[in-house]
Amino acid sequence: MSSPQNAGELPPRGPIKSPQDFAAGIFLIVLALIGIFGAFNLSMGKLSTVGPGMLPKVVAIIIGAFGVLLVVESLLSRGSRLAAWSLRGMVFVLGAALVFAATIRPLGLVIAGPLAVIISSFADAEHKLRSTLIFALVMTIFCGLLFKEALNLPIPFDSLDLLKPLHGPYAALKSTLKGLLFTIIGRG
Amino acid sequence: MFDLVSNLTLGMSVALSLQNLGLCLLGCLIGTLIGVLPGVGPIATIAMLLPITFGLPPVGALIMLAGIYYGAQYGGSTTAILVNIPGEATSVVTVLDGHQMARQGRAGVALGLAAIGSFIAGTVATIIIAALGAPLTKLALLFGPADYFALMVLGLMFAVVLARGSIPKAIAMILVGILLSTVGTDLETGEERLTFGWSEISDGIDFAVIAMGMFGFAEIMKNLENKENRDVVKGAIGRLLPSLNDMRQAAAPIARGTLLGSFLGLLPGNGAVLGPFASYTIEKKLAKDPSRFGKGAVEGVAGPESANNAGAQTAFIPLLTLGIPPNAVMALMVGAMTIHGIIPGPQIISKQPQLFWGMIASMWIGNLMLLIINLPLIGLWVRLLKVPYGLMFPAIVLFCCIGIYSVNNAPIDVFMVAGFGLFGYMLLKFGFEPAPLLLGFVLGRLMEEKLRQALVISRGSFVTFLERPLSAFLLFLALIIVVVAVLPSVRKSRDTVFTE
């Protein structure tokens with residue numbers, strides 16, 4: 001949890017004495033406007049028969065009021081600075097999720113999984129490409145075994161049949177392991 | 001009394017089946033793992049693992065998820081003691097004296113005390129749940145819509161007071177949560193609300209999506225910014241079993257912490273997080289020599305750890321008896337229950353006694369397992385602490401993506417998680433706390449339903465909330481809490497509690 005007060009960081013001079021609160025207030029006002037706009041055509045109803053629009057509109061208006069309160073307060077009393085945003089983290093972590101969402105259906109986990117791991121790794125400036133690649137491979141195999149083999153989730157695994165040449169050896173390996181397991185249990 | 005015994009016997013017979021034992025152990029192991037690892041919390045983990053429970057019978061699924069939740073509380077204290085950073089938010093207090101004990105070469109004793117205290121607290125809390133469960137469900141039947149509404153208002157006010165930072169911001173977050181909960185089809189008229197013509201969200205926004213976005217993705221982005229340096233205690237952990245003298249010193253704090261935590265956990269609005277803080281403050285006040293605190297006082301570990309674990313367990317009571325989830329983890333439990341067709345609330349205990357009592361019995365078994373998992377396996381957890389975050393977070397991203405995709409098999413959900421990740425990150429930057437939003441979202445739909453019902457019954461008069469003694473009392477309590485929290489003197493001490 002980030003502590004809201006960053007001691008020792010005094011904001012610059014100007015009409016806005018607490019940039020963080022000012023931004024927070026504007027943010028709330030925007031949310032309130034979206035809420036009011038989205039519920040605009042819904043009927044309010046009466047108090048005895050509350051309509052679908054009543055709660056969203058009332059709540060949105062109160063949110064807006066809090067936003068105004070924060071903006072006013074930010075002009076009157078000193079507060080913390082707006083902390084710097086890390087664009088790198090945002091781009092690569094969220095980008096990984098977006099790429100996963102776009103590729104999971106058409107390409108399957110075999111492609112989407114490593115992509116998500118590799119792209120998100122770039123969010124860390126100190127990552128090393130070689131270990132990232134190995135890790136992506138290991139994670140994908142692990143997830144395939146866990147979610148597909150063990151848990152049987154209906155997640156698309158290999159939509160393009162890229163791994164077709166491996167099917168034969170994999171089935172052989174599985175039956176050998178099964179046989180081995182049975183002999184051990186059979187003996188015990 | 002006889003009822004209690006026979007009920008617990010029924011519960012044991014369910015919980016002791018081989019499959020349920022295995023699931024309980026698995027849950028406890030996963031819980032300890034994520035508890036130990038800082039930056040991975042139970043909220044994101046349970047949201048990730050929801051799809052895994054699809055194929056399980058409902059009792060087993062809930063036993064496993066519950067194990068993750070209270071296992072994380074145990075694991076969090078390990079990190080607090082050994083690394084000087086809390087593995088979970090609730091083990092913040094344990095850092096103070098636990099890590100000092102570790103510095104003095106008494107890490108083992110601190111871990112042992114935390115585990116033993118937690119086990120005792122867990123045992124007592126299990127008995128409390130078993131004893132209070134049945135009477136409270138009867139009480140729940142007395143609750144009308146107005147009373148439910150008032151109770152939820154009380155819970156939300158608690159959440160406001162317990163959130164860090166400014167109170168207006170916390171209230172605004174709750175309201176944003178409620179606003180988000182109205183997205184989707186209106187239950188009474190069938191009209192679409194706030195969907196902006198987007199059919200994907202006409203059923204409303206999935207709680208798992210919000211939870212994972214704001215607690216999984218936003219947390220990752222935040223953690224990547226402030227690189228923590230993990231200063232894992234070097235050298236021997238030392239003997240694990242506390243000496244007789246230590247135990248004598250810890251006995252009373254454990255007892256007090258257990259009672260305090262159990263009570264606070266009962267409160268809606270995540271009162272459980274208050275337990276460790278309250279326990280630490282009390283022990284410090286009661287101690288003959290308060291200056292020992294912060295320098296490795298045994299009481300400062302034993303008390304808060306017991307309170308923490310007791311609260312984590314009794315937090316199940318509002319969910320199982322009233323159907324009101326008191327915190328975000330419990331809200332995910334609601335999600336897990338609905339997936340399996342169980343409606344949380346007073347009817348569970350009469351309609352599904354195996355589920356109710358099986359879950360309670362499994363909690364005690366789980367606590368016993370955790371005692372065993374935590375102490376001898378401590379070396380393994382220490383090694384895990386050395387896994388760098390740079391390797392951990394891509395794995396979390398992948399698990400989140402697979403998990404959320406599998407809930408509905410919908411790629412759109414993964415897009416939305418990314419959206420809420422951005423939203424959560426913005427909130428953090430603006431100094432908002434995400435927890436109240438989650439609670440507002442969870443309770444929002446139920447609150448609106450009850451509010452509308454109450455107003456229909458009273459023909460549009462708000463006086464109904466004051467006429468009914470129960471709702472009047474609850475609203476009065478909510479008012480007192482807010483007034484007290486806004487008072488300058490209390491605000492000051494609240495700030496010191498959180499910054500200490």
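We name chains A, B, ... by the order of the sequence lines, and we start the count at 1 in each one. Note: hydrogens, waters and symmetry copies are ignored here, and every other heavy atom, side chains too, is used.
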- Message: Under a 3.5 Å distance rule, please check whether S159(A) uses its side chain to pair with a backbone N or O of R105(A) as donor and acceptor.
- Response: yes
- Counting only heavy atoms closer than 4.5 Å, note whether Y425(B) contacts chain A via side chain, backbone, both or neither. side chain
- Most heavy-atom pairs under 4.5 angstrom with chain A, which of I402(B), V397(B), D186(B)? I402(B)
- What part of I34(A) is in contact with chain B, defined as an atom under 4.5 angstrom from a non-hydrogen atom: side chain, backbone, both or neither? both
- Message: Using salt bridge (Lys or Arg N to Asp or Glu O under 4.0 Å), reason through E449(B) and R445(B) one step at a time and then give a plain yes or no.
- Response: CA-CA 6 Å; E449(B) 192 189 315; R445(B) 214 165 287 183; over 6 Å; no
- Find the distance between SG (C401(B)) and CD1 (I104(A)) and round it off to the nearest 0.5 Å. 9.0 Å
- Note on the structure: Among A116(A), P56(A), G89(A), the residue with the most heavy-atom pairs under 4.5 Å to chain B is P56(A)
- Note on the structure: In this structure, CD1 of I62(A) is separated from CG of L175(B) (nearest 0.5 Å) by 6.0 Å
- Side chain, backbone, both or neither: which part of I155(A) has a non-hydrogen atom closer than 4.5 Å to chain B? both
- Turns out that what part of L98(A) lies under 4.5 Å from chain B's heavy atoms comes down to both
- With a 4.5 Å cut-off on heavy-atom pairs, point out which of T189(B), I404(B), L391(B) contacts chain A the most. L391(B)
- Item | Contact class of F40(A) relative to chain B, heavy atoms under 4.5 angstrom | neither
- Tell me, with the steps shown, if D158(A) and K164(A) meet salt bridge (Lys or Arg N to Asp or Glu O under 4.0 Å). CA-CA 9 Å; D158(A) 188 12; K164(A) 206 162 190 188; over 6 Å; no
- Note on the structure: Okay, A84(A) and chain B: the region with an atom under 4.5 Å from a heavy atom over there is backbone
- Message: Is the distance from the ring center of F423(B) to that of F27(A) below 6.0 Å?
- Response: yes
- Tell me, side chain or backbone of L451(B) under 4.5 Å from chain A's heavy atoms, or both, or neither? side chain
- Atom group of M426(B) that falls short of 4.5 Å from chain A, counting heavy atoms: both
- Item | Full working for side-chain hydrogen bond (donor to acceptor under 3.5 Å, both in side chains) between S121(A) and H127(A) | CA-CA 6 Å; S121(A) 292; H127(A) 83 115; 5.0 Å; no
- Message: Between L224(B) and I220(B), does the side-chain contact (heavy atoms from CB on, under 4.5 Å) criterion hold? Intermediate values first, please.
- Response: CA-CA 6 Å; L224(B) 282 171; I220(B) 291 176; 4.0 Å; yes
- Item | Which of I63(A), T49(A), V117(A) touches chain B most, by non-hydrogen pairs under 4.5 Å | I63(A)
- So which of G55(B), A395(B), S181(B), A410(B) has the largest heavy-atom pair count under 4.5 angstrom toward chain A? A395(B)
- Message: Run the side-chain contact (heavy atoms from CB on, under 4.5 Å) test on F157(A) and V110(A) for me, step by step, so that the C-alpha distance in whole Å, both residues' side-chain angles and the decisive distance to 0.1 Å come before the verdict.
- Response: CA-CA 6 Å; F157(A) 185 66; V110(A) 177; 3.8 Å; yes
- When heavy-atom pairs shorter than 4.5 Å are enumerated against chain A, which of E448(B), E188(B), E192(B), M173(B) gives the highest number? E448(B)
- Task: Please look at L94(A) and chain B and tell me whether the side chain, the backbone, both or neither of the residue comes under 4.5 angstrom of a heavy atom of that chain.
- Result: both
- F37(A), W85(A), F135(A): which one forms the most heavy-atom pairs within less than 4.5 Å of chain B? W85(A)
- Winner by heavy-atom pair count (cut-off under 4.5 Å) against chain A, out of T182(B), I171(B), I178(B), L179(B): L179(B)
- Note on the structure: Okay, V456(B) and chain A: the region with an atom under 4.5 Å from a heavy atom over there is both
- Item | Check: P52(A) main-chain N/O paired with R193(B) side-chain donor or acceptor under 3.5 Å | yes
- Task: Say whether, by atom type as modelled, one donor and one acceptor occur between the side chain of T185(B) and the main chain of S202(B) under 3.5 angstrom.
- Result: yes
